[in-house]
Number of protein chains: 2
Amino acid sequence: MPVMRPLIHPSIEDITVEGILHALSDPVRAAIYAELAISSGATCSNFLKISDRDIPKSTLSQHFRALREAGLIRSERQGVEMRNTTRCAEIEQRFPGLLPAIMTAHQVQAADRMRVAKRRQKAAAG
Amino acid sequence: MPVMRPLIHPSIEDITVEGILHALSDPVRAAIYAELAISSGATCSNFLKISDRDIPKSTLSQHFRALREAGLIRSERQGVEMRNTTRCAEIEQRFPGLLPAIMTAHQVQAADRMRVAKRRQKAAAG
DNA sequence: TTCCATAGTTCATATGTTGCGAACTATGGT
DNA sequence: ACCATAGTTCGCAACATATGAACTATGGAA
């Protein structure tokens, strides 16, 4: 009877900048990470409900794995579901300012997109 | 007689965080970018001489292209060679603090690696 | 205890991306 | 006209990613 392989969490000194950048260069993973940064402990299906995206759960599972193995989040089973928390405190210690800068940049971009969308909306109406 | 397609430089508002993170998540591209941040105007083959790496020039060309199309560098032909400069001032305006944070993190990591290597060297000698 | 529902993982595979050698374009000098 | 230097493009192999189907894991209900 096959068992599921254990979750891999790299130790803080094995976390690389390349790994972090690659993990957060995907919009879905960036959104997951942002969500976790606000409401810690969110689960996979939880994220699906919150975001309006429609992502297959196998894909979502892989994204959580990518974040976990890049060292960005910690996942632990709690009953039937998987609680995920960011490892931002640890990472802030090793790479000060990196995560805040990335999250801020993502926010700037989201705000920009919002402005463009509103401008288009107005243009279409007027 | 076929011509070479023109270089693509995205306008500042088309530059995305995802694109920047992805471009700099590759160690070779991060090294190129770091080099350009110090000695502006460096060329492809210039980089090969400076770094001790041995990268095929076709690969290097693709890396420069990736950086260019992510909006991180500007390339222009100057005689027989291609001068590359970072677009850090523009990007700093759009995403304040992002590039400095990434470059600092890369430096932290390089310093860490140096310490580990020295420790190993000492252990082998003693 | 057996069965079921919910939550997530794994596997196979189709599709996308990247690395690199060979052949090409581009430019300046001889 | 030719050559050298600098870089680009092409084609293909190797690697990565997305996803449906089948699985594991856990807690509760019958």
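Values reported hereafter were calculated over all heavy atoms of this structure, with side chains retained and with hydrogens, waters and symmetry mates removed. Predicted, not measured: the structure shown is a model, and the values here were computed from it.
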Nearest-Å distance, [atom1] ([X]) to [atom2] ([N])?
X     : N      : atom1 : atom2 : result
B:M4  : C:dA23 : CE    : P     : 18 Å
B:N84 : D:dG7  : CG    : P     : 8 Å
B:R77 : D:dA6  : CZ    : C1'   : 7 Å
B:I8  : D:dT8  : CD1   : P     : 12 Å
A:L60 : C:dT10 : CG    : C1'   : 15 Å
A:H22 : D:dA16 : NE2   : C1'   : 8 Å
A:M82 : D:dA25 : CE    : P     : 11 Å
B:R65 : C:dT18 : CZ    : C1'   : 11 Å

Fill in: Test log, rule side chain to side chain contact (heavy atoms under 4.5 Å, CB included), inputs B:L98 and A:I102
CA-CA 6 Å; B:L98 180 59; A:I102 295 175; 3.9 Å; yes
Worksheet item: When the nearest nucleotide of DNA chain C is assigned to A:T59 and to B:K57 on a heavy-atom basis, which residue is associated with the more 5' position?
Response: A:T59
Practice prompt. Find the bend of the helix from C:dT1-D:dA30 to C:dT30-D:dA1 as the angle between its two terminal axes (five pairs each), to the nearest 10°.
Written response: 0°
Distance check, rounded to the nearest 0.5 Å: [X] atom [atom1] versus [Y] atom [atom2]?
X     : Y     : atom1 : atom2 : answer
A:L60 : A:S45 : CG    : OG    : 8.5 Å
A:R29 : B:E18 : CZ    : CD    : 11.0 Å
B:T59 : B:D54 : OG1   : CG    : 10.5 Å

Among [options], which nucleotide sits nearest the side chain of [X]?
X     : options               : result
B:D26 : D:dA25, C:dT9, C:dG19 : C:dG19
B:S58 : C:dA26, C:dG21, C:dT6 : C:dG21
A:S61 : C:dA26, C:dT9, D:dT9  : C:dT9

Worksheet entry | salt_bridge(A:R5, A:E69) N-O dist < 4.0 Å | yes
Worksheet item: Hey, are A:E13 and B:R115 close enough for a salt bridge, meaning a charged N less than 4.0 Å from a carboxylate O?
Response: no
Item to complete: Under 4.0 Å from any atom of DNA chain C, heavy atoms only: list the residues of residues 41-56 of chain A that qualify, in numerical order.
Response: A:T43, A:C44, A:S45
Worksheet item: Think B:H63 has a side-chain N or O under 4.0 angstrom from the OP1 or OP2 of D:dG7?
Response: no
Worksheet item: Once the angle between the rings of A:H22 and B:H22 is folded into 0 to 90°, is it parallel (under 30°), tilted (30 to 60°) or perpendicular (over 60°)?
Response: tilted
Worksheet, complete the sentence: Grouping ILVMFWY residues whenever side-chain heavy atoms fall under 4.5 Å, the cluster of A:L7 otherwise contains A:M82
Worksheet item: Nearest nucleotide by nearest heavy atom, which residue falls closer to the 5' end of DNA chain D, B:L7 or A:G79?
Response: B:L7
Worksheet item: Any side-chain donor paired with an acceptor under 3.5 Å for A:S39 and A:E35?
Response: yes
